[in-house]
Protein chains: 2
Amino acid sequence: MLKVDIDTKMKFLHGFSHKTRIQILESIKTEEKTVSQIVDDLNGNQSNISQHLACLKGCGLIVGRQDGKYVYYRVRNQLVRDLLTMFDVVLEDVQNDIACCKNHID
Amino acid sequence: MLKVDIDTKMKFLHGFSHKTRIQILESIKTEEKTVSQIVDDLNGNQSNISQHLACLKGCGLIVGRQDGKYVYYRVRNQLVRDLLTMFDVVLEDVQNDIACCKNHID
DNA sequence: CACACATATTAGTGATTGCTAATATGATAA
DNA sequence: TTATCATATTAGCAATCACTAATATGTGTG
């Protein structure tokens, strides 16, 4: 039986709720990368990406390891990778019915 | 090969990004319910819940059917149900490392 | 028809969020 | 040590979001 606190769950799910974070996850889904590689990949700004990385780490979705002056980030484990894949699978099935949330919530 | 537009994907994922919406999804995961049943379940307010339902519908996660003066909502299909289950499975594995986002993003 | 009930929509506002720019930390190399 | 590069953190503000209250729509019933 799975026992999960709803607030913890929301923190976890928060990781998936921003375009930049999803792009980061996709960027490091199969190979670890340094912050600057990710910044380049996404054509983003260093501070911003760094903040999103901190968020993803806090959400338990990625892990980082320091190697010299670089920090390498990767997706936490296979389960998280599976979840990312599952998004695409479900989305493939659902996408024609998505109209959602121009102004969000409504 | 899965082909998914990132903006469509974000609209889809937006559905999972709010506590009330997750609670709604859990509430109707295994059985359809009317709006007022959901409002009762969550101890929420009618307008608010109705807005979140519209969001979830727009995100492609739930469907509604009118029956007389009631509208019954249910989780769209088994894939979405699987995804909800998967959240719990992954979370079970990850939850001890979640500290995320007190002020969000950081 | 008028009324009651169920749900949806809109408007307005307070709160939250995420960005940019600036600065700080930490690590290597000269 | 100082300089440089990589990353992290902070502050402040602009933009976005979600709530409540009010109102509208739609459906059945007397």
Side-chain angles (χ1 to χ4, degrees), chain A residues 6-7 10-25 27-28 32-59 61-74 99-106, chain B residues 6-7 10-25 27-28 32-59 61-74 99-106:
Chain A
I6 178 77
D7 291 313
M10 289 323 300
K11 287 179 183 170
F12 170 74
L13 291 175
H14 179 73
F16 301 111
S17 72
H18 193 285
K19 183 171 175 174
T20 302
R21 290 193 290 274
I22 291 294
Q23 289 178 139
I24 289 172
L25 288 168
S27 167
I28 61 176
E32 64 176 13
K33 289 183 184 168
T34 67
V35 177
S36 13
Q37 281 181 288
I38 297 167
V39 170
D40 285 355
D41 265 28
L42 305 203
N43 237 281
N45 131 319
Q46 184 269 321
S47 167
N48 188 232
I49 298 292
S50 189
Q51 289 174 66
H52 282 296
L53 286 167
C55 175
L56 286 166
K57 189 162 64 166
C59 294
L61 297 176
I62 66 176
V63 293
R65 75 179 171 87
Q66 180 114 242
D67 181 7
K69 62 180 176 177
Y70 296 95
V71 178
Y72 288 85
Y73 284 99
R74 64 176 184 281
C100 167
C101 298
K102 295 150 209 315
N103 319 314
H104 282 141
I105 206 173
D106 50 43
Chain B
I6 178 76
D7 291 313
M10 289 322 301
K11 286 179 184 171
F12 169 74
L13 292 175
H14 179 73
F16 301 111
S17 72
H18 193 285
K19 184 171 176 174
T20 301
R21 290 194 290 272
I22 291 293
Q23 289 177 140
I24 290 172
L25 289 168
S27 167
I28 61 177
E32 64 175 13
K33 288 183 183 168
T34 68
V35 176
S36 14
Q37 280 181 290
I38 298 167
V39 170
D40 285 355
D41 265 28
L42 306 204
N43 236 281
N45 132 319
Q46 183 268 321
S47 167
N48 189 232
I49 298 292
S50 189
Q51 289 173 68
H52 283 296
L53 286 167
C55 176
L56 286 166
K57 190 163 62 168
C59 295
L61 297 177
I62 67 177
V63 294
R65 75 178 171 88
Q66 180 115 252
D67 181 7
K69 63 179 174 177
Y70 297 94
V71 178
Y72 289 84
Y73 284 99
R74 64 176 184 281
C100 166
C101 299
K102 295 149 208 317
N103 319 314
H104 283 140
I105 206 173
D106 50 46

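- Taking the side chain to side chain contact (heavy atoms under 4.5 Å, CB included) definition, one finds that A:S17 meets it with A:H14, A:R21, B:S17, sequence neighbours left out.
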Atom pairs, N/O to N/O, protein against nucleotides 5-9 of chain D, distance under 3.5 Å?
residue: D:dT7; atom: OP1; partner: A:V35; partner atom: N; Å: 3.2
residue: D:dT7; atom: OP1; partner: A:V71; partner atom: N; Å: 3.4
residue: D:dT7; atom: OP2; partner: A:S36; partner atom: N; Å: 2.8
residue: D:dT7; atom: OP2; partner: A:S36; partner atom: OG; Å: 2.2
residue: D:dA8; atom: OP1; partner: A:Y73; partner atom: OH; Å: 2.5
residue: D:dA8; atom: OP2; partner: A:S50; partner atom: OG; Å: 3.0
residue: D:dA8; atom: N7; partner: A:Q46; partner atom: NE2; Å: 2.6
residue: D:dA8; atom: N6; partner: A:Q46; partner atom: OE1; Å: 3.1
residue: D:dT9; atom: O4; partner: A:S47; partner atom: OG; Å: 2.8

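- Shown here are the salt bridge (charged side-chain N to carboxylate O under 4.0 Å, His left out) partners of A:D40, two or more places apart in sequence or in another chain: there are none.
- Closest non-hydrogen pair, B:Y73 versus B:I28, comes out as O-CG2, 3.9 Å.
- Counting to the nearest Å, the P atom of C:dT20 and the CG atom of A:N43 are 12 Å from each other.
- In this structure, B:R65 atom CZ and C:dA6 atom P are separated by 16 Å, rounded to whole Å.
- OP1 or OP2 of C:dC19 sits under 4.0 Å from a side-chain N or O of A:H52.
- In terms of the side chain to side chain contact (heavy atoms under 4.5 Å, CB included) criterion, residue partners of B:S47 (sequence neighbours excluded) are, by chain and number, B:N45, B:Q51.
- As rounded to whole Å, 13 Å separates atom C1' of C:dT7 from atom CD1 of B:I62.
- Between A:K11 atom NZ and C:dT17 atom P the separation is 12 Å, expressed in whole Å.
- Distance, A:K19 NZ to C:dC19 C1': 15 Å, rounded to whole Å.
- Partners of B:E32 according to the side chain to side chain contact (heavy atoms under 4.5 Å, CB included) rule, which considers only residues two or more places apart in sequence or in another chain, are B:R65, B:Y72, B:R74.
- In terms of phosphate contacts, B:H18 brings a side-chain nitrogen or oxygen within less than 4.0 Å of OP1 or OP2 of D:dC19.
- The nearest whole Å value for the distance from the CE atom in B:M10 to the P atom in D:dC17 is 11 Å.
- Residues passing the salt bridge (charged side-chain N to carboxylate O under 4.0 Å, His left out) test with B:K69: none are found, sequence neighbours excluded.
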